[in-house]
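Contents: one structure, followed by commentary.
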Amino acid sequence: MTNVSRRAVVAGAAAAGVAVGAISSSAAAAPDVVWPSVQRPADLRRIVWWSAAELATAIRQRKVTCVEVMTAYLDHIAEVNPRVNAIVAMRPRADLLAEAAEKDRLLAAGTYQGWMHGFPHAVKDQWNVKGIPTSVGFFGQPGVPVGPAATDALLVERIRAAGAIFIGKTNLPELGLGSHTYNKVYGTTFNAYDQAKSAGGSSGGAAVAVALRMLPVADGSDFFGSLRNPPGWNNVLGLRPSLGRIPELGGEQFVQQGGVTGPIARDARDLSLLLATMAGYDPRVPLTLDDDPKQFATVRRTSLRGAKVAWLADLGGYLPTEREVLDVTGAAIDRMRALGAKVDKIDRLDQFGTFANQDLWPTWLIFRHWLSGNLNFPLYDNPALKPYLKLETIYEVEGMLNGIDGHGPITAQQAWNGSVKRTALYQGFRALFEKYDYVLLPTAQVMPFDCVDAAGNEVHWPTEINGVPMSSYHRWMEVTAIGTLLGAPTLAMPAGFGSTGLPIGLQVIGRNHDDAGVIEFAAAWERETRFVENHLPPLVRP
């Protein structure tokens, strides 16, 4: 099979239905979108090579049936997924084909539900899909029972309303902690480019599934790089959107300013389509942004020429970073300069404010322990469940309760002081963005690491970089803390490949609430580089 070429025009659409010809929708019409042209392939196995926008066009115009789409994807998943373990909790094939047939009947009757009508979709296994167990990589292991979810999560409601068919879940680390996707329920997810390497996490299953064409697009979530490191290590795009861009129901709604939900895709157009579907105000989530998702309808940037970029790299050596990461991302920056971008290297966070490099980890540690420790405390405090928790979860809870890394228990005053520091970081970047349009960093400080060491032991995280010990399971991901603390839109896009053929990515941080801007930047970059379509994973090469 060969890849289908991408179109130069990048566009998106809201989750509402689209009226096309005689096909109508019960939902309000979406904004005008420049959709790509497609033809029915002679070999229906090529369906999985369409972009999400191309697939939407083909289904809407009835170039292919939803049953043909589902058949092509299920056959492809059956061939590829056993090698990587990205999609889990798969529903029965007969049930999925029956749902696809119902989607075809709706189309025949003139009803088009939305741009994802008939799409196979798998949700990250931390969100409820009615009828499917939600393991979060924890529930469902021996000794920790789990049953099927009774309701849909809010983002699932929106994706379902856009017409998708839920085929299963995408794998994640236990409780979403750590940037390596392994758990005792479903096992380890492996890198799309090398099945001996980590896929990253926590949206590891989602990124691998998209990279290997097992899903058109995927949802993920991000607290500490989970929508950035997996895309960076699997040569796709991921967006950590602005705080409040995509609402999440359940739990505390005012303090939790760390985790967000966002899209993963193979190109900027598809990323904007799914973002527009997932975004939008909900009165049950008080801090949701009330911007109209239709603002993501069209991505306009066609060139990098004149873009003003601040390149942070390893912050002047503050962040221990593998040489190969700096070589690949540095070459990408040089290419941007050659394409007309104006790039300055910045080594100090306090160049535009009072927040210094050395403030980053202490501020982050307070923030992370406080939020993650409280989120996971009920499991830790349950005698029946605590014995099953992995070290990462215990680290976060005990860091809140007892102090780790030389810090005392997280007090109310420390939480306040940490927020003051976070505010200083934001104000410094606000000043920085008066001079620059975008801030760029690598998506990780290391290339994808081995899942098993030379002695046959499982590797859960890098313990050192360039001889510098990593003090925690996530210290090697400190490069992603900046985007999270800012609450700014931060996009991961391909940067290139190292000497062993493994990918690494770039983080693109935009101005506050400028989600469209970072997608525009990625659109311009992909038109010049074509990393995704020109560098296929070995498992799906022709």
Quick one, R40 with E68, criterion salt bridge (Lys or Arg N to Asp or Glu O under 4.0 Å). Give me CA distance, side-chain angles, the key distance, then yes/no. CA-CA 11 Å; R40 179 181 174 87; E68 289 170 336; 2.8 Å; yes

Between [X] and [Y], does the ring centre distance come in under 6.0 Å?
| X | Y | value |
| --- | --- | --- |
| W233 | Y193 | no |
| F138 | Y388 | no |
| F119 | H121 | no |
| W476 | F449 | yes |
| H180 | Y473 | no |

Cation-pi check for [Y] against [X]: NZ or CZ below 6.0 Å from the six-membered ring centre and within 45 degrees of the axis, yes or no?
| X | Y | value |
| --- | --- | --- |
| R368 | F223 | yes |
| K169 | Y186 | no |
| R60 | W35 | yes |

Residues R160, E157; criterion salt bridge (Lys or Arg N to Asp or Glu O under 4.0 Å); working and verdict: CA-CA 5 Å; R160 193 186 294 278; E157 290 178 3; over 6 Å; no

Given V508 and L441, is the side chain to side chain contact (heavy atoms under 4.5 Å, CB included) satisfied, shown in steps? CA-CA 7 Å; V508 183; L441 302 106; over 6 Å; no

Could you tell me if the side chain of [Y] sits less than 4.5 Å from the side chain of [X], heavy atoms only?
| X | Y | value |
| --- | --- | --- |
| T480 | T443 | no |
| R91 | I167 | no |
| W461 | M477 | no |
| Q445 | P320 | yes |
| F139 | T134 | no |
| V146 | V136 | no |
| I465 | E322 | yes |
| F497 | V328 | no |

If the condition is salt bridge (Lys or Arg N to Asp or Glu O under 4.0 Å), which residues does K103 pass it with, not counting sequence neighbours? none

Are side-chain N/O atoms of T181 and N171 paired as donor and acceptor at under 3.5 Å?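 There is no such pair between these side chains.
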
Can you check side chain to side chain contact (heavy atoms under 4.5 Å, CB included) on W49 and L536, steps first, answer last? CA-CA 11 Å; W49 292 95; L536 301 177; 3.9 Å; yes

Atom pair [atom1] ([X]) and [atom2] ([Y]), whose distance is rounded to the nearest 0.5 Å:
| X | Y | atom1 | atom2 | answer |
| --- | --- | --- | --- | --- |
| Q507 | R228 | CD | CZ | 5.0 Å |
| S472 | E478 | OG | CD | 9.0 Å |
| D282 | I246 | CG | CD1 | 12.5 Å |

Between [X] and [Y], is there a donor-acceptor pair closer than 3.5 Å when you use the side chain of the first and the backbone of the second?
| X | Y | value |
| --- | --- | --- |
| D104 | V67 | yes |
| Q141 | V185 | no |
| N85 | T188 | yes |

Going by an N to O cut-off under 4.0 Å, is there a salt bridge joining D75 and R93?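 Counted as a salt bridge, because a side-chain N and a carboxylate O are separated by less than 4.0 Å.
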
State plainly whether the residues R323 and D327 are in salt-bridge range, i.e. N to O under 4.0 Å. yes

Might you confirm whether atom NZ of K63 has over 12 heavy atoms from other residues, nucleotides or ligands at distances under 6.0 Å? yes

For side chain to side chain contact (heavy atoms under 4.5 Å, CB included), just list the numbers for M90 and L74, CA-CA rounded to whole Å, side-chain angles, deciding distance to a tenth of an Å, and then say yes or no. CA-CA 10 Å; M90 284 285 295; L74 292 180; 3.7 Å; yes

